[in-house]
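Keep in mind it's a predicted model, so treat the numbers as computed, not measured.
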Amino acid sequence: MTTAAPEADDIHLNAYQGPLKPTDNPFAELTENVIRVTEVPKPPRAWYIAFAISLAALTMFGGSIGYVFYEGIGAWGNMIPVAWAFPIVNFVFWVGIGHAGTLISAILFLLRARWRTAINRSAEAMTIFAVICALTFPGIHIGRPWLPYWMFPIPNQMDLWPQFRSPLEWDVFAVGTYFTVSLLFWYIGMIPDLAAIRDRAKERTRQAIYGAFAMGWRGSSRQWHRYERAYLILAALATPLVLSVHSVVSFDFATAQLPGWHTTIFPPYFVAGAIFSGFAMVVTLLVPARQFFGLKRIIRMEHLENMNKVILATGTMVGYAYGMEFFIAWYGANPYETFAFVNRAFGPYAWAYWTMVSCNVIFPQLFWFKKIRTSIPAMMVICALVNVGMWFERFVIIVTSLNRDFLPSSWGYFLPTAFDFMTLVGSFGLFFTLFLLFCRYLPLVAVAEVKATLPEAHAHDGDH
């Protein structure tokens with residue numbers, strides 16, 4: 001992999017890095033190419049621009065939440081009957097974004113898919129940061145920000161336990177477990193690379209910080225044996241989470257007696273959609289990262305193409321689910337269910353529904369063509385549209401099912417306020433701020449895992 005002729009864009013990298021020069025030792029070259037990103041005094045200018053924009057959005061996020069805490073959730077557009085609106089839409093969206101990391105890391109690891117090694121570290125980091133974004137919304141949505149601990153399985157000051165039959169309580173267990181296992185999986189896999197940064201560090205401070213997180217790693221046979229066993233166990237624990245976490249989130253809706261929500265198709269439908277949006281976000285993040293940090297010969301086109309194939313497959317599943325929803329509404333002969341879906345496609349929110357269908361079903365079908373599947377501009381546009389479409393999917397499910405109640409006198413049209421949009425954009429600021437800090441101070445690529453694939457990769461050095 002690393003001894004292939006570099007791409008044209010690899011030869012003239014940012015001045016802070018210098019050119020990538022192939023050496024006789026591909027292992028040393030791989031370590032140098034990945035870890036020097038964390039060692040240089042200044043990252044590329046594009047990193048500073050992106051970080052400034054993300055930090056500004058994060059500041060807006062904190063300010064908008066502070067204002068909502070002061071003024072009350074009436075600052076948002078939430079109203080009756082649409083009591084669940086942007087906060088829950090954002091919560092479900094961000095939980096879904098995190099699914100690609102676990103699938104790439106755990107399931108593809110157990111299936112011994114070699115191509116995952118160049119992208120799994122970034123995908124795992126994306127999972128952690130997406131779940132952090134998701135966890136902020138239930139706490140601020142309750143309207144009483146001083147009582148979020150009521151969602152946890154502890155008695156409150158009135159000696160009342162939470163309602164364990166509520167799917168909102170199940171979210172606490174599901175998302176909390178998902179975050180804990182994903183964080184452990186990400187950290188355990190990074191220990192050998194943290195030790196490499198420690199050993200290369202010149203400053204005492206860097207040696208102490210990275211050395212503390214490396215936990216005394218010396219690369220002995222005993223340590224590698226323990227490491228591989230722990231990694232395998234965590235992968236086995238994380239695998240069922242891919243299916244269970246978003247299934248539990250879908251129960252928030254499926255267990256409600258509400259047309260548009262009360263359907264058994266939601267668990268597999270939500271899981272396919274989560275993987276779909278998660279892979280689109282991974283591609284969106286990795287294309288600029290490989291460009292600005294000179295990693296094109298490690299994160300190769302074949303990795304991006306494989307992810308685009310997964311996006312195509314899961315996008316087709318999501319399109320099938322959309323069709324099945326209408327079939328179930330018709331076949332069930334429930335007039336309320338039929339009305340909910342006809343209203344969804346042709347009612348006041350038809351613009352949102354057809355935006356969702358276009359972004360999630362129509363545009364991903366372009367990935368059938370290899371020329372588009374391997375085109376950087378095309379995949380960036382399509383993956384951005386997928387993320388837009390998946391946010392609209394959650395908007396359509398929540399808002400269009402609530403805005404038409406059983407009594408026409410209870411109907412209402414939800415209109416978001418400026419604080420709704422500020423909270424949404426601000427959550428992206430939190431996500432990208434964390435990811436950019438990760439790119440700057442931690443290795444983007446799992447160096448130890450990629451090294452294990454080098455002998456197999458050398459056979460394909462000509463396929464660059």
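- Residues I311 and C383 meet the side-chain proximity criterion, which asks for heavy atoms closer than 4.5 Å.
- Between D193 and I35 the shortest heavy-atom distance is O-CD1, 4.3 Å.
- Between Y353 and F346, every side-chain heavy-atom pair lies at or beyond the 4.5 Å cut-off.
- Applying the ring pair (Phe, Tyr, Trp, His ring centres under 6.0 Å) rule to F414 yields the partners F86; only residues at least two apart in sequence or on another chain are considered.
- Within a 6.0 Å sphere centred on CE of M215, heavy atoms belonging to other residues, nucleotides or ligands number 12 at most.
- One finds the CG atom of L108 at 9.5 Å from the CG atom of N120 (value rounded to the nearest 0.5 Å).
- T127 places a side-chain N or O within donor-acceptor distance of the main-chain N or O of A123, the cut-off being under 3.5 Å.
- Remark: the backbone N or O of Y441 is not paired with any side-chain donor or acceptor of T38 at under 3.5 angstrom.
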Show the atom names and distances, to 0.1 Å, of all donor-acceptor pairs under 3.5 Å that link a side chain in residues 424-434 to residues at least two apart or in another chain.
unit_1 : atom_1 : unit_2 : atom_2 : d
S427   : OG     : W94    : NE1    : 3.1
S427   : OG     : L424   : O      : 2.6
T433   : OG1    : S54    : O      : 3.3
T433   : OG1    : G429   : O      : 2.6

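- With hydrogens and angles ignored, the 3.5 Å screen pairs a side-chain donor or acceptor of R116 with a backbone N or O of S105.
- F213 has its side chain within reach of Y187: a pair of non-hydrogen atoms, C-beta onward, lies under 4.5 Å apart.
- Under the 4.5 Å side-chain criterion, counting only non-hydrogen atoms from C-beta, F276 is not in contact with M317.
- The backbone N or O of C133 lies less than 3.5 Å from a partner atom in the side chain of T136, making a donor-acceptor pair.
- Judged by distance alone, with hydrogens and angles left aside, the side-chain atoms of R121 form no donor-acceptor pair with the main-chain N or O of W186 at under 3.5 Å.
- Counting all heavy atoms, side chain and backbone alike, R440 lies closest to V37 at NH1-O, 3.3 Å.
- Within the structure, every pair that satisfies the ring pair (Phe, Tyr, Trp, His ring centres under 6.0 Å) test and touches residues 58-81, not counting sequence neighbours, is listed here: Y67-F419.
- Counting only heavy atoms from C-beta outward, the side chains of F279 and T314 never approach each other to under 4.5 Å.
- In terms of heavy atoms, P167 sits closest to T255 at CG-OG1, 3.4 Å.
- The structure places OH of Y210 at 13.0 Å from CZ of R198, a figure rounded to the nearest 0.5 Å.
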Please list, one pair per line, the donor and acceptor atoms closer than 3.5 Å that link side chains of residues 319-327 to other protein atoms, with sequence neighbours excluded.
unit_1 : atom_1 : unit_2 : atom_2 : d
Y322   : OH     : N360   : ND2    : 3.0
Y322   : OH     : E393   : OE1    : 2.7

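- Taking a 6.0 Å sphere around CZ of F369, one finds it holds 12 or fewer heavy atoms contributed by other residues, nucleotides or ligands.
- Residues F341 and G260 share a closest heavy-atom pair of CE1-CA, 4.0 Å.
- When atom types are taken as modelled, the side chain of E124 and the backbone of S182 share no donor-acceptor pair closer than 3.5 angstrom.
- By the side chain to side chain donor-acceptor pair (under 3.5 Å) test, W368 is found to be paired with Q365, residues two or more places apart in sequence or in another chain being considered.
- Listed by chain and residue number, N90 satisfy the side chain to side chain donor-acceptor pair (under 3.5 Å) test with W391 (two or more places apart in sequence, or in another chain).
- Distance alone, capped at 3.5 Å, places no donor-acceptor pair between the S358 side chain and the T355 backbone.
- The aromatic rings of H99 and Y178 sit tilted relative to each other, their planes meeting at an angle between 30° and 60°.
- For the atom pair CE of M422 and OG of S64, the computed distance is 5.0 Å after rounding to the nearest 0.5 Å.
- Under a cutoff of 6.0 Å and an axis angle of 45°, R112 and F109 form a cation-pi pair.
- Side chains of I376 and L304 form a contact here, defined as non-hydrogen atoms less than 4.5 Å apart.
- Contact between I119 and M307 at its shortest, heavy atoms only, is CD1-SD, 3.6 Å.
- Ring planes of Y231 and Y227: parallel class, angle under 30° (limits at 30 and 60°).
- Residues that satisfy the ring pair (Phe, Tyr, Trp, His ring centres under 6.0 Å) test with W411, not counting sequence neighbours, are F339.
- Under a 3.5 Å cut-off, the side chain of T417 and the backbone N or O of A75 do form a donor-acceptor pair.
- A distance-only check finds a donor-acceptor pair linking the side chain of N78 to the backbone of A83 [under 3.5 Å].
- Considering only heavy atoms from C-beta on, V92 comes within 4.5 Å of F270 through its side chain.
- Applying the salt bridge (Lys or Arg N to Asp or Glu O under 4.0 Å) test to R404 and every residue at least two apart in sequence or in another chain returns nothing.
- The list of side chain to side chain donor-acceptor pair (under 3.5 Å) pairs with a residue in residues 336-345, not counting sequence neighbours, reads R344-T400, R344-S401.
- Remark: E305 engages K370, R373 in a side chain to side chain donor-acceptor pair (under 3.5 Å) (not counting sequence neighbours).
- The closest donor-acceptor contact from the side chain of T263 to the backbone of F266 lies at 3.5 Å or more, if one exists at all.
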For residues 232-254, tabulate all N or O donor-acceptor pairs below 3.5 Å that involve a side-chain atom, not counting sequence neighbours.
unit_1 : atom_1 : unit_2 : atom_2 : d
T239   : OG1    : A235   : O      : 2.8
S244   : OG     : P240   : O      : 3.1
H246   : NE2    : R394   : NH2    : 3.4
S247   : OG     : L243   : O      : 2.4
S250   : OG     : S247   : O      : 2.5

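- In this structure, the ring pair (Phe, Tyr, Trp, His ring centres under 6.0 Å) partners of F435, at least two apart in sequence or on a different chain, are F438.
- The minimum heavy-atom distance linking V310 with I275 is given by the pair CG1-CG2, 4.3 Å.
- With a 4.5 Å cut-off on side-chain heavy atoms, I142 and P148 count as touching.
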